[in-house]
Amino acid sequence: MADTDTIVVIGGGIAGVSCTETLSTLCKNESITLVTASPLIKAVTNFKQISRRLEEFDVVENPSSELQEEHRNVTVLQAKVVSIDPLKREIVTSNGKTVPYTKLCICTGGSPKLIMKDDPNVIGIRDTESVSQFQTKLGGSRRVIIVGNGGIATELAYEIEDCEVVWAIKDKSISSTFVDAGTAQFFLPHLSGDKNVQDGPMKRVKYTVKPSPASSSKSGAKGGALGPDWSLGIPMNGQVQRSRHVRVEYECEIKEILSLAEIRQRNLKVDKIGDMEDENTDWPVYALLTNDKMYGCDFIVSATGVVPNGNKLVTLDLDLKLAADGGVIVNNCMKTNIDHIYAAGDVCSASWDWAPHWLQMRLWSQARQMGCYAAQCIKADLNDEAISLDFCFELFAHVTKFFGYKVILLGKFNGQGLDDGYEILLRMTKGVEYIKVILKDGRMQGAILIGETDLEETFENLILNQLDLSRYGEDLLDPGIDIDDYFD
Ligand SMILES: Cc1cc2nc3c(=O)[nH]c(=O)nc-3n(C[C@H](O)[C@H](O)[C@H](O)COP(=O)(O)OP(=O)(O)OC[C@H]3O[C@@H](n4cnc5c(N)ncnc54)[C@H](O)[C@@H]3O)c2cc1C
Ligand SMILES: NC(=O)C1=CN([C@@H]2O[C@H](COP(=O)(O)OP(=O)(O)OC[C@H]3O[C@@H](n4cnc5c(N)ncnc54)[C@H](O)[C@@H]3O)[C@@H](O)[C@H]2O)C=CC1
């Protein structure tokens, strides 16, 4: 490798920063340039493994100078990349700078996929700036409608206080991106009343924004996606002092968004909820749902997923191959279809043959793992060495928190791709814990663990080693049996 090699990474989110930091350690003789549109960059701190595959870490947003100080061979450029020339092997930034590269790793994340995105009454949540916009709006609100049924909607439905919430979901049960209908039942009581306070330490990643003179909201540049515990410490209060209550509208979408004038002009009937409104209550905006319910509200949150920024790269005249979900296709070495260009994190679609118990979800943990692994692949490539897929891609493992409970998802936790030929074992103590295990031919394929079950390590091993568990039958989840003794 020549001393002058420059490896360029685009994106200051967790994938880009993890890639840059790993490259800095692995390729000490190379110079590494991180180009990012946002003034603050993400960093993982206090990294710990809570089991072999489950990771615990804090995330901070730092000024880019800190990364440069800690890693002498790293330069950070705050600019948007506006073109990539794979023949000349150079990128051009919004401030007219040309940066040559030997290897390039694209970590440009995703953008919220908003319904009715030009309507000022509809907002999305992606970065620190959008959270602040949301908080300001919520502060003066009596009712908000949340659309979507994934991570953000689930967290908001729990966190919002002093404001009525209508949660409109396409599915038959809540939180369906993460859990099945049975598991959702466990959460339902927490849609109203006091919040659930669990005792004991939460084994879960934390998210902090370090105070910094460079605030992303001032710059106007879009920052990286928020992540674990983004909602902790962020007051989410509306303007009506009342006990928490979320009204769920199942199996519907928003058909139309209307103004008060349109409601009057078309003489439309508005549905009322509880005692908060009468015939004369006016709302800033109205939503007509596909189940023909019409609700007024102060604003609508569209928590309807993320579109990888792959399309934006194609508009940079780059002939990158994209998957159906819009992500940049990468192979098992994180390589795109263009020579010397890699991709990692939310922007990419993992297009190798997945291990039987892994799946891609656009998550903080996977952004970190892919960023680190892409760096290893780049190093191997520069040294003409072979590399095998990192073991973190053997098993899907995610730890998060929903409705105040620790939630651990392992392997094919919802029986994804297993057809119908699987069996489910359940154990539930209302308000305390919920354990669901997916078995196929007596072997564990996945699990959902809610509460402080302490079963994650054992189950992780059982999924990986595919031990035949048929002889244990339902004893596998018998609370009177210390399951660890069987298998450790
Ligand atoms: C509200 C919210 C809550 C979440 N909660 C969780 C959670 O609890 N657990 C979890 O695992 N995951 C969570 N996620 C998902 C997680 O945050 C993302 O999967 C992860 O942050 C993606 O990281 P990334 O580096 O791939 O992309 P991003 O964080 O989106 O970073 C992309 C970077 O690229 C830069 N960029 C984009 N285009 C250009 C360009 N042309 N030139 C230069 N720079 C560019 C951006 O400025 C940004 O710095 C959450 C996401 C959101 C929005
Ligand atoms: N605790 C965690 O692990 C969290 C993870 N995240 C991640 O952040 C990212 C963004 O979160 P979300 O926006 O919640 O995405 P998501 O992918 O988790 O959920 C999107 C939801 O929107 C629904 N939807 C899509 N289009 C719709 C439409 N037109 N009308 C109604 N519903 C529609 C989908 O059915 C799905 O339920 C995701 O990658 C998510 O995994 C977010 C928050 C918390």
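Predicted, not measured: the structure shown is a model, and the values here were computed from it. Order of listing sets the numbers, starting from 1, for every ligand and every atom in it.
Listed by number with element, the atoms of ligand 1 under 4.0 angstrom from any heavy atom of Ala79 are 43 (C). Atom numbering of ligand 1 starts at 1 in the shown order; those under 4.0 Å from a heavy atom of Ile125 are 1 (C), 53 (C). Of all atoms in ligand 2, numbered sequentially from 1 with element shown, those under 4.0 Å from a heavy atom of Ile115 are 28 (C), 29 (N). Near Thr177, with a cut-off below 4.0 Å to any heavy atom, the atoms of ligand 2 are 18 (O), 19 (O), 36 (C), 37 (O). Less than 4.0 angstrom separates some heavy atom of Lys80 from each of these atoms of ligand 1: 40 (C), 41 (N), 42 (N), 43 (C). Shown in contact with Phe402 at under 4.0 Å from a heavy atom are these atoms of ligand 2, numbered in order with element: 1 (N). Here is the list of ligand 1 atoms found below 4.0 Å of a heavy atom in Cys107: 32 (C), 33 (C), 34 (O). Less than 4.0 angstrom separates some heavy atom of Glu155 from each of these atoms of ligand 2: 1 (N), 44 (C). Of all atoms in ligand 2, numbered sequentially from 1 with element shown, those under 4.0 Å from a heavy atom of Val306 are 9 (C), 10 (C). Of all atoms in ligand 1, numbered sequentially from 1 with element shown, those under 4.0 Å from a heavy atom of Arg362 are 15 (C), 19 (O). Close approach of ligand 2 to Val147 (heavy-atom distance below 4.0 Å) involves ligand atoms 30 (N), 31 (C). Ligand-side atoms of ligand 2 in range of His398: 2 (C), 3 (O), range being under 4.0 angstrom from any heavy atom. Each of the following atoms of ligand 1 lies closer than 4.0 Å to a heavy atom of Asp346: 18 (C), 19 (O), 22 (C), 26 (O). Counting the atoms of ligand 1 from 1 in the order shown, those under 4.0 Å from a heavy atom of Ser38 are 47 (O), 49 (O).
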Requested in this report: Show your reasoning for whether side-chain contact (heavy atoms from CB on, under 4.5 Å) applies to Phe299 and Gln133.
Outcome: CA-CA 12 Å; Phe299 69 102; Gln133 184 201 5; over 6 Å; no
Requested in this report: Check step by step if side-chain hydrogen bond (donor to acceptor under 3.5 Å, both in side chains) holds for Ser176 and Asn149.
Outcome: CA-CA 6 Å; Ser176 69; Asn149 200 13; 3.1 Å; yes
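When the heavy atoms of Gln366, Lys170, Arg126 are ranked by distance to atom 35 (O) of ligand 2, first place goes to Lys170. Residue nearest to atom 37 (C) of ligand 1, selected from Thr108, Leu313, Ile10, Leu77: Thr108 (by heavy-atom distance). Between atom 13 (O) of ligand 2 and the options Ala168, Gly305, Gly124, the minimum heavy-atom separation is to Gly305.
Residues passing the salt bridge (charged side-chain N to carboxylate O under 4.0 Å, His left out) test with Asp180 are Lys436, sequence neighbours excluded. Under the ring pair (Phe, Tyr, Trp, His ring centres under 6.0 Å) criterion, Phe459 pairs with no residue at all, not counting sequence neighbours.
Each of Gln360, Lys321, Arg362 was scored for a side-chain hydrogen bond (donor to acceptor under 3.5 Å, both in side chains) with Ser349, with one residue passing: Arg362. Residue Cys348 is tested with Thr108, Val330, Thr336 for a side-chain contact (heavy atoms from CB on, under 4.5 Å); the sole match is Val330.
Side chains of Lys312 and Ser111: a donor-acceptor N/O pair is present below 3.5 angstrom, by distance only. Between the side chains of Asp171 and Ser173, no donor-acceptor pair of N or O atoms lies under 3.5 Å. A donor and an acceptor atom, one from each side chain of Thr33 and Thr75, are nowhere located under 3.5 Å apart. Side chain to side chain, Glu251 and Asn291 fail the donor-acceptor criterion of an N or O pair below 3.5 Å. For the residue pair Glu394 / His357, no side-chain donor-acceptor distance below 3.5 Å is found, with atom types taken as modelled. With no hydrogens or angles considered, a side-chain donor-acceptor pair links Ser259 and Glu262 at under 3.5 Å.
At least one N or O atom of Trp364 sits closer than 3.5 Å to an N or O atom of ligand 1. At under 3.5 Å, a nitrogen or oxygen of Gly151, whether backbone or side chain, sits near a nitrogen or oxygen of ligand 2. When only interatomic distances are considered, the shortest N/O to N/O separation between Ile14 and ligand 1 falls below 3.5 Å. Geometrically, ligand 2 and Thr400 share a nitrogen or oxygen pair separated by less than 3.5 Å. Considering backbone and side-chain atoms together, Val347 places no N or O closer than 3.5 Å to any N or O of ligand 1. An N or O contact shorter than 3.5 Å is missing between Gly345 and ligand 1 by distance. When only interatomic distances are considered, the shortest N/O to N/O separation between Thr36 and ligand 1 falls below 3.5 Å. Polar contact check, Gly12 against ligand 1: a nitrogen or oxygen pair lies under 3.5 Å apart. Ligand 1 has a nitrogen or oxygen under 3.5 angstrom from a nitrogen or oxygen of Val81. Checking only distances, Met361 never comes within under 3.5 Å of ligand 2, N or O to N or O.
Look at Trp364 and you'll find every heavy atom at least 4.0 Å from all atoms of ligand 2. Residue contact annotation: Lys113 has a non-hydrogen atom under 4.0 Å from ligand 2.
Both the backbone and the side chain of Arg362 come within contact range of ligand 2, each with a heavy atom under 4.0 Å. Proximity of Ala367 to ligand 1, defined as any heavy-atom pair under 4.0 Å, is confined to the side chain (atoms from C-beta onward). Counting heavy atoms closer than 4.0 Å to ligand 2, residue Leu363 contributes side-chain atoms (C-beta onward) but none from N, CA, C or O. With a 4.0 Å heavy-atom cut-off, ligand 1 is reached by the side chain of His398 but not by its N, CA, C or O. By the criterion of a heavy-atom distance under 4.0 Å, neither the backbone nor the side chain of Pro112 is placed next to ligand 1.
Taken from NZ in Lys406 to OG1 in Thr400, the straight-line distance is 11.5 Å, to the nearest 0.5 Å.
Between Tyr405 and Phe187, the two ring planes are tilted [angle within 30° to 60°]. The aromatic rings of Trp358 and Trp354 sit perpendicular, their planes meeting at an angle over 60°, well past the 30° parallel limit.
Under the 6.0 Å cut-off for aromatic ring centres, Trp283 and Tyr295 do not qualify, their centroids lying 6.0 Å or more apart.
No side-chain donor-acceptor contact under 3.5 Å links Thr453 to the backbone of Leu449.
Atom CG of Asn95 has more than 12 heavy atoms from other residues, nucleotides or ligands within 6.0 Å. Counted within 6.0 Å of NZ on Lys137, heavy atoms from surrounding residues, nucleotides or ligands total more than 12; the atom is thus considered enclosed.
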